[in-house]
Amino acid sequence: CFKDGKVYIKGMLDDWAFLLQGLLELYLSTQKTKFLELSVEIAERLIEKFYDESKSCFFMQEKGNSDSVLSKIRDLYDLSIPSGNSVVIISLLKLYKITGEEKFKNLAENTLMSIIDYVETSIFGFGNTLCALDFLAGPTYEIVIVPPKHEINNSKTPKSVEPFFDELRETYIPNKIVILYNERVKDLTFIKQIDISPQDDVRVYVCSEWICKAPSHTPEDMLMRIEE
């Protein structure tokens, strides 16, 4: 609860989980790297505050509140609102695909494995958790759109890449991650592995599990490589 510049109640797992999800989706939809940087920061703080290594999952309340009953409760079931744990798992898996940080993948996998027995006994109560399992099992698609080299530093999305983004928005491609190449993402582990060399035209790298095909130059060719 926040009022008049004061925090009266500390945020719980769900608050942090949905904040992380929202920031990450903002990055993926706008390609503004400030949202990616915030996503990483929130993920780090969320892990520090709520992750319990002994149980390999996230508890509802911060670890420091040892006297609270809520600090010892795990929110696992996806009912009308997805559980904080399932939301965090998917977000961490997406962050891993974007950044290449193994710790995000390991935490997501460990958390998922810690609750998988519950899923097997009541699959209808774990809809979002099953989505996380599907994302982990793959295939996933990591799509890196590289503008012409003279447009790399533009603060806005270059017009030359808009047809590619339009095609990706209009086509149903589950478990995809789209990254617009620029100076602020070029040092990400995943991006460095592709060994990108911007040219005078748009190039799109379609990858799956970080294995990339030859770059595409048209939206149609991009979709063909995804469907191969």
- Item | Heavy-atom neighbours of F18 CZ exceed 12 at 6.0 Å | yes
- Quick check, are the ring centers of F50 and F59 under 6.0 angstrom apart? no
- Message: Are the side chains of S83 and Y77 in contact, using a 4.5 Å heavy-atom criterion?
- Response: no
- Message: Are the side chains of I226 and L168 in contact, using a 4.5 Å heavy-atom criterion?
- Response: yes
- Query: Is there a side-chain contact between P198 and V146 (heavy atoms, below 4.5 Å)?
  - Reply: yes
- Query: Quick one: do Y181 and V40 end up in the same hydrophobic cluster if we chain Ile, Leu, Val, Met, Phe, Trp and Tyr together by side-chain heavy atoms under 4.5 Å apart?
  - Reply: yes
- Given salt bridge (Lys or Arg N to Asp or Glu O under 4.0 Å), test E37 with K34 step by step and report yes or no. CA-CA 5 Å; E37 293 163 359; K34 66 179 181 180; over 6 Å; no
- Calculate, to the nearest 0.5 Å, the distance between atoms CG and CG belonging to L28 and L23 respectively. 11.0 Å
- Student check: side-chain heavy atoms of P147 and V202 closer than 4.5 Å: no
- Message: Going by the rule salt bridge (charged side-chain N to carboxylate O under 4.0 Å, His left out), which residues pair with K97 if we only count those two or more places apart in sequence or in a different chain?
- Response: E142, E209
- Message: Given 3.5 Å as the limit, does a donor-acceptor pair link the side chain of S208 with the main chain of T140, or not?
- Response: yes
- Message: If only side-chain N and O atoms count, and only distance matters, is there a donor-acceptor pair under 3.5 Å linking S56 with N110?
- Response: no
- Message: Could you walk me through whether L93 and L112 satisfy the side chain to side chain contact (heavy atoms under 4.5 Å, CB included) test, starting with their C-alpha distance in whole Å, then the side-chain angles of each, then the deciding distance to 0.1 Å, before giving a yes or no?
- Response: CA-CA 11 Å; L93 289 173; L112 188 55; 5.7 Å; no
- Task: Please answer whether the main-chain N or O of T111 pairs with a side-chain N or O of S114 as donor and acceptor at a distance below 3.5 Å.
- Result: yes
- Is a side-chain donor or acceptor of Q199 paired with a backbone partner of S197 at a separation under 3.5 angstrom? yes
- Query: Can you check whether F58's main-chain N or O pairs, donor with acceptor, with N85's side chain at less than 3.5 Å?
  - Reply: yes
- Message: Restricting to non-hydrogen atoms, name the atom on S122 and the atom on F126 that form the minimum distance, rounded to 0.1 Å.
- Response: O-CD1, 3.0 Å
- What's the shortest heavy-atom distance between D201 and R203, and which atoms? OD1-NE, 3.4 Å
- Query: Do side-chain atoms of D78 reach the backbone of T129 as a donor and acceptor pair under 3.5 angstrom?
  - Reply: yes
- Query: Where the side chain of N128 meets the backbone of C131, is there a donor-acceptor pair that is under 3.5 Å apart?
  - Reply: no
- Query: Roughly how far, to the nearest 0.5 Å, is the CD atom of E109 from the CZ atom of F104?
  - Reply: 14.0 Å
- Task: Output yes when a side-chain donor or acceptor of R225 lies under 3.5 Å from a complementary backbone atom of C212, and no otherwise.
- Result: no
- So how far is it from C207 SG to I177 CD1, rounded to the nearest 0.5 Å? 12.0 Å
- Show your working on side chain to side chain contact (heavy atoms under 4.5 Å, CB included) between I179 and F190 and close with a plain yes or no. CA-CA 11 Å; I179 301 174; F190 166 53; 4.0 Å; yes
- Message: Would you compute the distance between atom CE of M222 and atom OG1 of T171 and round it to the nearest 0.5 angstrom?
- Response: 7.0 Å
- Message: As a quick check of understanding, evaluate salt bridge (Lys or Arg N to Asp or Glu O under 4.0 Å) for D200 and K149, giving each step before the final call.
- Response: CA-CA 6 Å; D200 294 327; K149 58 185 178 182; 3.8 Å; yes
- Hey, is the main chain of P219 close enough, under 3.5 Å, to the side chain of E167 for a donor-acceptor pair? no
- Message: Show the nearest heavy-atom pair for residues I152 and N182, with the distance to one decimal.
- Response: O-CB, 3.7 Å
- Task: Please indicate whether K32 has more than 12 foreign heavy atoms, meaning atoms of other residues, nucleotides or ligands, lying under 6.0 Å from its NZ.
- Result: no
- Of the non-hydrogen atoms in W16 and G11, which two are nearest, and what is the gap between them? NE1-O, 3.8 Å
- Message: Quick check: closest heavy atoms across Q31 and L180, and the distance to 0.1 Å?
- Response: OE1-N, 2.7 Å
- Contact check, side chains of L24 and I42, non-hydrogen atoms, under 4.5 Å: no
- Verdict with reasoning, I89 to L136, per side chain to side chain contact (heavy atoms under 4.5 Å, CB included): CA-CA 9 Å; I89 291 170; L136 177 61; over 6 Å; no
- Which class fits the ring pair Y96 and W210: parallel under 30°, tilted 30 to 60°, perpendicular over 60°? parallel
- With a cut-off of 6.0 Å (strictly less than), are more than 12 heavy atoms of other residues, nucleotides or ligands near CD1 of I116? yes
- Query: Looking at P82 and V87, what are the two nearest heavy atoms and their distance?
  - Reply: CB-CG2, 3.8 Å
- Query: Within the distance-only criterion (no hydrogens, no angle test), does the side chain of S29 pair as donor or acceptor with the backbone N or O of L26 below 3.5 angstrom?
  - Reply: yes
- Looking at CG of L20 and CD of E25, how far apart are the two atoms once the value is rounded to the nearest 0.5 Å? 10.0 Å
- Task: Could you walk me through whether I98 and Y27 pass side chain to side chain contact (heavy atoms under 4.5 Å, CB included), step by step?
- Result: CA-CA 11 Å; I98 296 170; Y27 166 67; 4.1 Å; yes
- Note on the structure: For E120, the salt bridge (charged side-chain N to carboxylate O under 4.0 Å, His left out) test, sequence neighbours excluded, returns none
- Message: Tell me whether E102 at atom CD has more than 12 heavy atoms from other residues, nucleotides or ligands lying less than 6.0 Å away.
- Response: yes
- Item | Whether over 12 other heavy atoms sit under 6.0 Å from M113 CE | yes
